[in-house]
There are 2 protein chains.
Amino acid sequence: MNPKLRDVAEHAGVSVRTVSNVVNEFRYVAPATRERVRASIEALGYRPNMAARTLRRGRTGLVALVIPEIDSPYYAELAARTVRVAGARGLTVLIDQTDGDAERETHLLHGRRSQLVDGVLFSPWAVAPAELAARTDTVPLVLLGEHDGTAGVDHVAIDNVTAAREATEHLLARGRRRIAAMGIQPQSRYATTRQRLTGYRAALAGAGLPADPDLEVAVRSLHRADGHEAMLRLLDSPRPPDAVFCFTDELALGALRAAADRGVAVPESLALVGFDDVEDGRFSVPSLTTVAPDKDRIAELALDLLADQSAAPRSITAPHRLVVRETS
Amino acid sequence: MNPKLRDVAEHAGVSVRTVSNVVNEFRYVAPATRERVRASIEALGYRPNMAARTLRRGRTGLVALVIPEIDSPYYAELAARTVRVAGARGLTVLIDQTDGDAERETHLLHGRRSQLVDGVLFSPWAVAPAELAARTDTVPLVLLGEHDGTAGVDHVAIDNVTAAREATEHLLARGRRRIAAMGIQPQSRYATTRQRLTGYRAALAGAGLPADPDLEVAVRSLHRADGHEAMLRLLDSPRPPDAVFCFTDELALGALRAAADRGVAVPESLALVGFDDVEDGRFSVPSLTTVAPDKDRIAELALDLLADQSAAPRSITAPHRLVVRETS
DNA sequence: ACGGCGATTTGCAACGTGGCAAACCCAGTG
DNA sequence: CACTGGGTTTGCCACGTTGCAAATCGCCGT
């Protein structure tokens, strides 16, 4: 059995409470006492029992980060930053992976972790917004990457519509006229990809170009393989595009590979823009033009919201910028 | 305040203990009672308090995964698989990120999380093996990716020496004779990169080739940027190699980019082999030949070891295979 | 020497749960 | 009708910690 406060107290010849005071760095402990207790703690190898502490304090110091996939580079980068920012605030992050499974998302949302964490950062994928409103759980919740005004929940996200419009306008400015949008997800109930599509259409409309349904490409998921497959189809179609705005960098990297497979020169014959600014895109050949959300800021803002849960749910917009590289 | 067992008990008109029995699916509860209690649980939205449960049971159901970086694709993929496997076993994974910081590693190793998790999967980077032996903590520990026989700790890793030898032999079989090794880490106290170097040298020796110090390239860390930088140096050197065995895929992807920067044709003028089989390498242009560790198996074996801590520490070797793609 | 005051230490209780074993209930049996 | 035994329910307590507030200590000024 691990030593507990009582063991340390006996060893140091003080009361349990005094040991607790030392552990918690209470002001009024005589230096001599403090030293003696410290020595006993060291000697016995005492470590506070988190469960007991949590039970007593009512807080765990844990925050759950719920994301579809840890190994999708965007989420990996977001998770890494969240863990760092949280660590600086004395919080530990517990990462939950849903695999985009609606049931698992619902499960987590409705408090399967509720008594284990002080708050949940939730990056929804399959769960319907209505589920959010219906949740019975009282643990503070912040939504990441969603911004459609779903009632009653704090949000942090970039302005997806504007970002998508800027990305598309960039392609237009490069003289492209047949610009496809890749990444539409018919089955997702969430707003992100829809917002990017909206921004894309707005840019086309702004340039006086008609929307062409053949250029709005749906995918099953947002991975490289999907981008690869979808791009091959586009390239093999009667009238291939001269540019593609991909809703994620992963899609774009798959598309890039497809272009290589078909011997299509990028950016000469085909320009590409991605979304997320993941590390891979900086080193791909050619390197990837992309929309860069400020991931550090997103993590910070999300934890701010979690720490300061006010009555009125807030929607916060994180900054983003267009990073132009070789694919455009 | 969240409802507790007592609230449910009052609501259902039974004792606290009976509610506990229902929650824990104890055999001897009358169906009628069970139903009534279930209804009350539902009505009040009761969730078990993890802290109290942990305090009482002595187990948390949490496992810590300590890795240098979440957003390094190899670790991201390993983490994703570990979370999945652990979930199937009723365990939750808490991911700790050390950024390769020795102090943080030591910190975690010596039980900063000890009373919070039932076990630790530790992927060491900066911490000295001696520290492992010296640890006072009693939480079960399994080392990932290390296999140098450090006393007293369970290990799971692939056979790095053999894998590295096979990778190098593959390049030799392709007719390459000036093969560099990239990824030596002078400052790391750990065995992995040393073992890969050993395998590389063994392959060269087996082919009767001399070891050339100029071809053994050290790097600061194992990221794309390091591979990029190191490859540029190699290519700009008086006698560039005709092949490079990179100790990680990230290095290789950086090297690939460097080859593109210098207009060197891959694989014609320069062959590359990586290590880790990360997703990026499958879609890069050209796609990356690599050593593929069986990450699922590593996660499973590690959790097996954690679950079944026997007296004698064991070293388990996970399988790997060479995946030949376009860079060689 | 005494009251007062801040500094330091302490005892008690409670956080919510589950292990233990006793208590209870009821139908079947002799 | 008391007895037996399996099924069902329950009360008590401890898990290790910290909030609370009271107790104690030592020193100062008068």
Side-chain angles (χ1 to χ4, degrees), chain A residues 1-38 40-41 44-62 90 111-118 138-139, chain B residues 1-38 40-41 44-62 90 111-118 138-139:
Chain A
M1 206 50 194
N2 283 315
K4 40 191 160 188
L5 283 184
R6 194 150 63 84
D7 300 320
V8 178
E10 278 172 18
H11 187 273
V14 295
S15 76
V16 170
R17 199 57 244 270
T18 297
V19 180
S20 172
N21 283 339
V22 171
V23 172
N24 292 290
E25 297 180 339
F26 181 60
R27 286 182 60 182
Y28 297 126
V29 178
T33 311
R34 191 193 312 278
E35 271 326 299
R36 195 147 39 87
V37 172
R38 286 241 172 92
S40 296
I41 287 176
L44 299 178
Y46 166 80
R47 320 258 179 237
N49 180 311
M50 295 319 248
R53 175 175 284 184
T54 296
L55 179 60
R56 194 57 244 235
R57 286 185 179 167
R59 289 181 312 101
T60 63
L62 287 179
R112 200 55 196 157
R113 291 261 184 277
S114 58
Q115 309 271 5
L116 181 59
V117 299
D118 295 337
T138 57
V139 179
Chain B
M1 206 50 193
N2 284 316
K4 41 191 159 189
L5 282 185
R6 195 150 62 85
D7 300 320
V8 178
E10 278 173 17
H11 187 273
V14 295
S15 76
V16 169
R17 200 56 244 271
T18 297
V19 181
S20 171
N21 283 339
V22 172
V23 172
N24 291 291
E25 297 180 341
F26 181 60
R27 287 181 58 183
Y28 297 126
V29 177
T33 311
R34 192 192 311 277
E35 272 325 300
R36 197 146 39 88
V37 172
R38 287 239 172 93
S40 295
I41 287 176
L44 298 178
Y46 167 80
R47 319 262 178 232
N49 180 312
M50 293 321 249
R53 177 175 281 184
T54 295
L55 179 59
R56 189 62 242 229
R57 287 185 177 166
R59 290 182 310 101
T60 63
L62 286 179
R112 199 55 196 156
R113 292 261 185 275
S114 58
Q115 308 270 5
L116 180 60
V117 299
D118 295 337
T138 56
V139 178

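Just so it is clear: chains get the letters A, B, ... in the order the sequence lines come, proteins before strands, and each one is counted from 1.
A donor-acceptor pair is defined here as one N or O able to donate and one able to accept, closer than 3.5 Å; such a pair exists between the side chain of A/S40 and the backbone of A/R36. Within the 3.5 Å criterion, the main-chain N or O of A/L116 finds a donor-acceptor partner in the side chain of A/T60. A side-chain donor-acceptor contact under 3.5 Å links B/T54 to the backbone of B/M50.
Taking CZ of B/R17 as the reference point, atom CG of B/L5 lies at 9.0 Å (rounded to 0.5 Å). Distance CG/B/L44 to CG/B/N2: 11.0 Å, rounded to 0.5 Å. A distance of 5.0 Å separates CZ in B/R57 from CG in B/N24, rounded to the nearest 0.5 Å. Separating the NZ atom in A/K4 from the CD atom in A/E10 is a distance of 9.5 Å, to the nearest 0.5 Å.
Phosphate proximity of D/dT8 to B/Y28: absent, as no side-chain N or O sits under 4.0 Å from OP1 or OP2. Contact annotation: B/S15 side-chain N/O to D/dT9 OP1/OP2 distance is not under 4.0 Å.
For the 3.5 Å distance criterion, the side chains of A/N49 and A/R53 fail to qualify, holding no donor opposite an acceptor.
Here chain A contacts DNA chain C (any atom closer than 4.0 Å to a heavy atom, that is under 4.0 Å), and the contacts span C/dA7 to C/dG16 from 5' to 3'.
If you check every strand for non-hydrogen atoms under 4.0 Å, B/T54 touches nothing.
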- Which parts of nucleotides 15-23 of chain D does protein reach within less than 4.0 Å, heavy atoms only, written one letter per nucleotide 5' to 3' as B for base, S for sugar-phosphate only and - for none? BBBBBB---
